[in-house]
Amino acid sequence: MEILSYTENHLKFRKRARRFMEKEVLPNVHQWESERMVPKTVWEKMGEQGFLCTWVDTAYGGQAKDFLYSVIVCEEMARTNQGGLSSFLHSDIVVPYIDTYGTPEQKQKYLPGCVSGKIVTAVAMTEPGAGSDLASMTTSAEENGETVVLNGSKTFISNGINADLMVVAARDSGVDNPYEAISMYLVPDDTPGFKRGRKLHKMGAHSQDTAELFFSNATIPMENRLGGKGGGFLMLMEKLQQERLITAIIAVAAAEFMVDWTLNYTRDDHKSRHLSQAAQFALVEMATEVRLGRTFVDKLIVDHMEKKNVIVETSMAKYWTTEMVKRLADRALDLAGESAMLETCPIVRSFRDVRVMSIFAGTNEIMKGITAKFMGL
């Protein structure tokens, strides 16, 4: 059952993206994981080949492609079985804030670099004391003439080391209602008073440069405010549908990779003897779950491209697919047997990397809470 209508151009783009991943990503994954960092040169190579921000208007150096091109890049990146090169975060989560809410001057200044890979972006929301509850944010923004002064800290910021430009959420001073107090600011990495903290060593996504960020009287021009004052909370809410859909897309693609690998491994491992019925049933169940997830997510991609409000459905998909991919990673390790004790088994990395997916883009408990509210519960 085909839900998405891929054109010949889409298919050619996928082939080109797959060749790029095979040449520029796969041979380097072990080194990146060991060094716990992806070099910025890879970002520029992705930009040169047209794999970043494919949807950006041609006026800013983009290709004005449809959302399916973003889907293709996400899926082909997921097939590389590594979480370090977070191009989806840059292309389809952070840069859309600039494109949607930025002034013409802000777009002209930053979007071409985002497309070319010369500018890597990050979004700074999470704080030591504020995760999914954005209203608890304490990083402050105080107007001082024609400038804004930021003070506070952020943590668990993906792309935090490589980022040249950060979209920072901060609380405006003097505003009591927390939902009207948050604004978004564009903060270049050379801003006086900005400092990077530790590159965090995590359970998974070892090559992903997750970091702490500190703002100590970090001073930016007033013109670096993104959108209207106090509009940050609504901006964040408006962009979460795509962020959660992207997460579900990657979860399904990662699950497909694991099922394909496990099927091939068990076939090869049992060529000379019969595969047990228990293993057969486990593989059938895994393949079925992936097919269910693929069907659900592909339908949501169509709805999203048609500008439908599918906040509830994407919340459901984000929670279900990220729980599904964790279940499949665990079962794939069981089926891999003794090989799963070795780092050379790719499912070992998959198991570590997918664990965080139920946490970011809003925890799965938040997803269930959103859905319950719309169900009138």
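Along the sequence shown, residues carry numbers from 1. What's counted below: heavy atoms across the whole structure, side chains too, no hydrogens, waters or symmetry copies.
- No more than 12 heavy atoms of other residues, nucleotides or ligands lie within 6.0 Å of NZ in K15, so this atom counts as exposed by the packing criterion.
- Between F51 and F20, the distance from one ring center to the other falls under 6.0 angstrom.
- Salt-bridge check for E343 with R352: passed, with a basic side-chain N closer than 4.0 Å to an acidic carboxylate O.
- With a 4.5 Å cut-off on side-chain heavy atoms, N151 and F215 do not count as touching.
- Following chains of ILVMFWY side-chain contacts shorter than 4.5 Å, one can reach W261 starting from L275, so the two form part of one hydrophobic cluster.
- You'll find the side chain of F13 stays beyond 4.5 Å of the side chain of E8, heavy atoms only.
- Smallest separation of non-hydrogen atoms from A170 and L150: CB-CD2, 4.0 Å.
- Under a cut-off of 6.0 angstrom, the local environment of CD in E146 is sparse, with at most 12 non-hydrogen atoms contributed by other residues, nucleotides or ligands.
- For E44, the CD atom sits in a packed shell: over 12 heavy atoms of surrounding residues, nucleotides or ligands are nearer than 6.0 Å.
- The shortest side-chain heavy-atom distance between T210 and K199 does not fall under the 4.5 Å cut-off.
- We find that D330 and K326 are not joined by a salt bridge, their nearest charged nitrogen and carboxylate oxygen being 4.0 Å or further apart.
- Between E323 and N364, the shortest heavy-atom contact is OE2-ND2, 2.9 Å.
- No close placement of the W32 and H206 rings is indicated, their centers lying 6.0 Å or farther apart.
- The pair R79-D260 does not count as a salt bridge, with every side-chain nitrogen at least 4.0 angstrom from each carboxylate oxygen.
- The number of heavy-atom neighbours closer than 6.0 Å to OH of Y6, taken from other residues, nucleotides and ligands shown, is above 12.
- In this structure, R327 places its CZ atom where more than 12 heavy-atom neighbours from other residues, nucleotides or ligands lie under 6.0 Å away.
- With sequence neighbours excluded, the residues that form a side-chain hydrogen bond (donor to acceptor under 3.5 Å, both in side chains) with E75 are R14, R294.
- By the 6.0 Å contact criterion, CE on M375 is open, its count of non-hydrogen atoms from other residues, nucleotides or ligands being 12 or less.
- Side-chain contact between W320 and M367: absent, with no pair of heavy atoms (C-beta onward) separated by less than 4.5 Å.
- Between R225 and L186, the closest side-chain pair of non-hydrogen atoms is not below 4.5 Å.
- By the 4.5 Å side-chain criterion applied to Ile, Leu, Val, Met, Phe, Trp and Tyr, L200 is assigned to a cluster that also includes F156.
- Side-chain contact check for D164 versus P188: every heavy-atom pair is 4.5 Å or farther apart.
- Using a 4.0 Å cut-off between a side-chain N of Lys or Arg and a carboxylate O of Asp or Glu, E212 and K154 do not qualify as a salt bridge.
- Ion pair E143/K229 flagged as a salt bridge, since at least one NZ, NE, NH1 or NH2 atom sits closer than 4.0 Å to an Asp/Glu carboxylate oxygen.
- Under the 3.5 Å distance criterion, with hydrogens and angles disregarded, a donor-acceptor pair is assigned to the side chains of Y265 and S339.
- Partners of R18 according to the salt bridge (Lys or Arg N to Asp or Glu O under 4.0 Å) rule, which considers only residues two or more places apart in sequence or in another chain, are E76.
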request  = Check the pair I93, K239 against side-chain contact (heavy atoms from CB on, under 4.5 Å), reporting the backbone distance first and the verdict last.
outcome  = CA-CA 8 Å; I93 295 175; K239 290 301 180 186; over 6 Å; no
